[in-house]
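Since this is a predicted model, take the numbers as computed values, not measurements.
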Amino acid sequence: MAPVPVNLLRIETQSDNAPELLARLRSRLSLRGDLVTPASRERTREIFGQELTPQQVVERICQDVAQRGLEAVLEYTRRIDGVELTAQTVRVPIDELQEAHRQEVQALTGGECTFLAVVRRIRRRIERFQRAILHQDVRVPVEGGWLEHRYRPIRRVGICVPGGAAAYPSTLLMTAVPAQVAGVEEIAVLLPPTRFGAFHPQVLATCWELGLQEVYRLGGAQGVAALAYGTEGIPKVDKIVGPGNLFVTLAKKFVFGEVAIDSLAGPSEIVVVVDHSAPAQYTAMDLLAQAEHAPGASILISWQSEVLERTLEAVAEALDRLDRGQLARESLEAFGAAIRVRDPQEAAELVDWIAPEHLQLAVEDPKPLLERIRYAGAIFVGHQTPVAVGDYAAGPSHVLPTSGTARFASGLSANDFLRAGSVLCFQKEGLEELAPDIIQLATVEGLSAHRASVEIRLGKQTPTL
């Protein structure tokens with residue numbers, strides 16, 4: 001039986017309606033895209049008794065948590081997640097973390113590739129990379145003094161780890177380890193109260209392995225609000241990082257300013273640029289690896305029609321073999337595209353226009369494309385570098401900018417857990433060197449006290465006011 005073709009968006013950049021189709025594609029990938037299913041809308045009506053947009057839901061929850069604290073957090077956890085928690089059970093007990101870890105330790109025998117052995121190897125790789133890129137203090141000597149740009153770690157950070165449709169110990173590694181490399185003193189972890197989150201033994205074992213002992217059975221907007229505002233038993237954090245669903249993202253946006261955040265993440269996405277050298281089966285799995293996030297956006301670009309067709313045939317064949325094949329098909333048909341461009345130059349221009357989270361250059365000679373492309377969260381070069389390498393094991397964090405925000409945002413790293421500050425120190429001769437310029441600018445701006453603060457130090461007994 002022939003595989004069912006994938007009915008995804010097809011675009012020829014030479015056609016007249018290409019601009020309209022590309023605009024539609026960008027709209028789907030934007031943070032303003034409507035990813036709320038009919039079932040989710042009905043659930044909102046059940047919980048809140050009325051039709052609310054996701055933004056309205058988040059605003060109501062966050063404001064309620066800010067006013068009523070833990071009582072509101074527990075109430076929304078019961079109403080939304082269907083889990084009854086108390087002030088005593090909202091935090092995962094230490095002995096539960098230890099027991100989950102102990103069970104995994106027992107499997108560490110004879111050099112077997114067990115789960116904790118994998119976690120330890122990946123942790124070492126992340127630490128090595130993150131230490132190599134960590135910002136260092138810089139001191140600049142100047143006439144009569146010195147200037148310094150110094151970095152200090154944020155004191156307390158909250159980490160959101162998804163846990164709705166799958167377990168993500170990888171997200172713990174990719175967020176907590178960079179924070180630890182930066183020197184963050186306190187890390188609070190939010191795990192949704194689900195079988196893939198706060199009740200998943202290997203996720204809990206990973207927490208203990210990484211030294212994460214402050215773990216809460218919370219998710220969604222109520223969890224983000226608890227970290228941002230602080231409640232009874234959950235101290236306020238200074239920054240919230242980590243991916244989540246639409247409601248987590250909107251909640252991070254709402255509390256920004258009360259705390260710092262890493263980014264506003266949309267659905268996972270990949271752009272794969274291919275030519276004749278790319279094995280179609282490789283590319284098919286690379287596209288499906290993002291689509292199976294459901295939602296996940298997968299975009300295929302080539303200047304060779306036969307390569308596009310061969311790859312899409314391979315995608316259709318592979319869908320029937322995937323555990324999440326139907327979900328991946330729905331993602332491809334809602335958020336996927338196959339685009340034929342004129343040449344490699346136009347491919348590079350289109351990639352920069354999309355500014356994807358993941359970019360895979362599956363071409364015979366990737367170097368010219370790599371040099372032309374400016375905007376992507378992470379770039380995977382060559383036929384032996386699937387996105388899974390970055391998602392799981394290499395060293396850079398897999399928390400990356402989505403929805404075109406790679407035009408101005410970067411992937412999470414240890415440096416995001418540092419704050420920079422300037423230190424200035426001058427002797428009198430140094431102040432004398434700068435004084436004429438300071439006095440001139442202060443005079444132009446009409447800020448006489450600024451001017452006088454310099455003049456009085458230079459011995460002018462009656463500074464000009």
How far apart are the C-alpha atoms of Ile187 and Val184, what are their side-chain angles, what is the distance that settles it, and do they pass the side chain to side chain contact (heavy atoms under 4.5 Å, CB included) test?
CA-CA 7 Å; Ile187 300 175; Val184 174; 3.9 Å; yes

Salt bridge (Lys or Arg N to Asp or Glu O under 4.0 Å) for Arg91 and Glu214? Distances and angles first, verdict last.
CA-CA 7 Å; Arg91 180 168 174 173; Glu214 187 182 345; 5.0 Å; no

Could you walk me through whether Arg102 and Asp95 satisfy the salt bridge (Lys or Arg N to Asp or Glu O under 4.0 Å) test, starting with their C-alpha distance in whole Å, then the side-chain angles of each, then the deciding distance to 0.1 Å, before giving a yes or no?
CA-CA 10 Å; Arg102 187 183 68 81; Asp95 58 0; over 6 Å; no

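Side chains of His358 and Glu269: no donor on one and acceptor on the other come within 3.5 Å. Between the side chains of Asp81 and Gln222, at least one donor N or O lies within less than 3.5 Å of an accepting N or O. Between the side chains of Gln63 and Glu59, no donor-acceptor pair of N or O atoms lies under 3.5 Å. Remark: the Glu104 side chain and the Thr114 side chain contain no N/O donor-acceptor pair separated by less than 3.5 Å. When only modelled atom types and interatomic distance are considered, Gln103 and Glu99 share a side-chain donor-acceptor pair under 3.5 Å.
Between Arg372 and Pro344 the shortest side-chain heavy-atom distance falls below 4.5 Å. Contact annotation: the side chain of Ile94 approaches that of Trp208 to within less than 4.5 Å [non-hydrogen atoms, C-beta and beyond]. For the pair Phe335 and Ser298, the minimum side-chain heavy-atom distance is 4.5 Å or more. Counting heavy atoms from C-beta outward, Leu264 and Thr405 have side chains that stay 4.5 Å or more apart. Between Leu212 and Gln180 there is a side-chain heavy-atom pair separated by less than 4.5 Å.
Arg419 CZ: 12 or fewer foreign heavy atoms inside a 6.0 Å radius. Around atom CD of Glu333, more than 12 heavy atoms belonging to other residues, nucleotides or ligands sit under 6.0 Å away. Within 6.0 Å of atom OH in Tyr392, 12 or fewer heavy atoms from other residues, nucleotides or ligands are found, so the atom counts as exposed in its surroundings. For Tyr282, the OH atom counts as loosely surrounded, since its 6.0 Å shell holds 12 or fewer non-hydrogen atoms of other residues, nucleotides or ligands. Annotation: Arg68, atom CZ; neighbour count of heavy atoms from other residues, nucleotides and ligands within 6.0 Å is above 12.
Looking only at distances, no side-chain donor or acceptor of Arg329 sits under 3.5 Å from a matching main-chain atom of Asp320. With hydrogens and angles ignored, the 3.5 Å screen pairs no side-chain donor or acceptor of Glu357 with any backbone N or O of Pro401. Checked by atom type and distance alone, the side chain of Thr86 pairs as donor or acceptor with a backbone atom of Gln88 at under 3.5 Å. Under a 3.5 Å cut-off, the side chain of Ser263 and the backbone N or O of Ala265 do not form any donor-acceptor pair. In terms of modelled atom types and a separation under 3.5 Å, the side chain of Arg217 and the main chain of Gly197 share no donor-acceptor contact. Of the possible donor and acceptor atoms, one in the side chain of Arg79 sits under 3.5 Å from a partner among the backbone N and O of Ile47. Looking only at distances, no side-chain donor or acceptor of Arg340 sits under 3.5 Å from a matching main-chain atom of Ser302. In this structure a side-chain-to-backbone donor-acceptor pair under 3.5 Å is present from Thr194 to Gly163. Checking side-chain atoms of Asp352 against main-chain N and O of Ile373 turns up no donor-acceptor pair under 3.5 Å. Under the 3.5 Å distance criterion, the side-chain polar atoms of Glu317 are left unmatched by any main-chain donor or acceptor of Leu312.
Of the options Val272, Ile270, Ile299, Leu332, a side-chain contact (heavy atoms from CB on, under 4.5 Å) to Gln290 is made by Ile270 and by none of the others.
Rounded to the nearest 0.5 Å, atoms CG (Leu218) and SG (Cys160) are 10.0 Å apart. Separation of atoms CG (Leu400) and OG (Ser413) is listed at 11.0 Å; rounding is to 0.5 Å. In this structure, CZ on Arg120 lies 10.5 Å from OG1 on Thr206, to the nearest 0.5 angstrom. Separation of atoms OG (Ser331) and CD (Gln326) is listed at 10.0 Å; rounding is to 0.5 Å.
Under the ring pair (Phe, Tyr, Trp, His ring centres under 6.0 Å) criterion, the residue pairs touching residues 150-185 are His135-Tyr151, His149-Tyr151, with sequence neighbours excluded.
No salt bridge links Glu185 with Arg155; every basic N to acidic carboxylate O contact stays at or beyond 4.0 Å.
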Quick one: side chains of residues 229-244, donor-acceptor pairs under 3.5 Å with protein atoms, not counting sequence neighbours, listed by atom name and distance.
residue : atom : partner : partner atom : Å
Glu232  : OE1  : Leu70   : N            : 2.9
Lys236  : NZ   : Ala228  : O            : 2.8
Lys236  : NZ   : Glu258  : O            : 3.2
Lys236  : NZ   : Glu258  : OE2          : 3.0
Asp238  : OD2  : Arg156  : N            : 3.2
Lys239  : NZ   : Asp416  : O            : 2.7

